[in-house]
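Reading through the structure tokens given below for one structure.
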Amino acid sequence: MNSSNQHYRLDTDATEALDMLDRWDAKMQGHLTQKRVFDRQRFRSKAIIRTYETTNDEETNTDNKTTSIMVWSRNISQEGISFIAAEVLELGIYLIGLNPDKPNELWIKLEIVRSRKVHNNFWEYGGKMLERMTK
């Protein structure tokens, strides 16, 4: 399978996983008590997750050590974001780039605080947005 077909298949599988998660949420609406302070809004978009490096007490995003992966955002609130990825990520601090295909790309320092395996070998992550970053 060539790279173009692989990307298409990954996008298709991601969309299927996101749709399934939305169906779960709709089915469970009213059955579970939510602990969220802020309402979530649906926000489906491709995004980029990068490792976050600190050196000499200075926060930097060093390109020579940075690992980037494509993720698909699911929903967003004033404090956090939910997204899925085909890769396993450790809990911790990352950078997330929203709207990676557009010139007004937005980078946010993010702490991944929860994860769970979901449909099509994807993982869902919940992240607390810490601060807006300059690229």
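Along the sequence shown, residues are numbered consecutively beginning with 1.
- Of all heavy-atom pairs spanning Ala14 and Ile84, the tightest one is O-CD1, 3.5 Å.
- Taking a 6.0 Å sphere around CZ of Arg132, one finds it holds 12 or fewer heavy atoms contributed by other residues, nucleotides or ligands.
- Using a 4.0 Å cut-off between a side-chain N of Lys or Arg and a carboxylate O of Asp or Glu, Arg74 and Asp19 do not qualify as a salt bridge.
- Contact between Leu21 and Arg116 at its shortest, heavy atoms only, is CD2-NH2, 3.5 Å.
- In this structure, Tyr125 has its ring center closer than 6.0 angstrom to the ring center of Phe83.
- Closest heavy-atom contact between Leu130 and Leu110: CD1-C, 4.3 Å.
- Note that NZ of Lys117 and CZ of Phe122 are 11.5 Å apart. Values are rounded to the nearest 0.5 Å.
- No donor-acceptor pair under 3.5 Å is formed between the side chain of Asn75 and the backbone N or O of Phe43.
- Distance alone, capped at 3.5 Å, places no donor-acceptor pair between the Ser45 side chain and the Ser73 backbone.
- Scanning both residues, Arg42 and Asp22, for their nearest heavy atoms gives CZ-OD2, 4.0 Å.
- Separating the CG atom in Asp11 from the CD atom in Glu16 is a distance of 13.0 Å, to the nearest 0.5 Å.
- Here the closest heavy-atom approach between residue Gln78 and residue Met129 is recorded as O-CE, 3.8 Å.
- Leu10 and Ala86 make their closest contact through CD1-CB, 4.1 Å (heavy atoms, listed as atom of the first residue, atom of the second, distance).
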Q: Evaluate side chain to side chain contact (heavy atoms under 4.5 Å, CB included) for Leu106 paired with Ile96, printing each intermediate quantity in order.
A: CA-CA 8 Å; Leu106 170 65; Ile96 187 166; over 6 Å; no

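- No side-chain heavy atom of Tyr94 sits less than 4.5 Å from a side-chain heavy atom of Arg50.
- In this structure, a donor-acceptor pair under 3.5 Å is present between the side chains of Ser82 and Glu124.
- By the 4.5 Å heavy-atom criterion applied to side chains, Leu89 and Ile112 are counted as neighbours.
- Put simply, CD1 on Ile108 and CE on Met133 are 10.5 Å apart, with the number rounded to the nearest 0.5 Å.
- Remark: Glu131 CD to Lys109 NZ distance equals 5.0 Å, nearest 0.5 Å.
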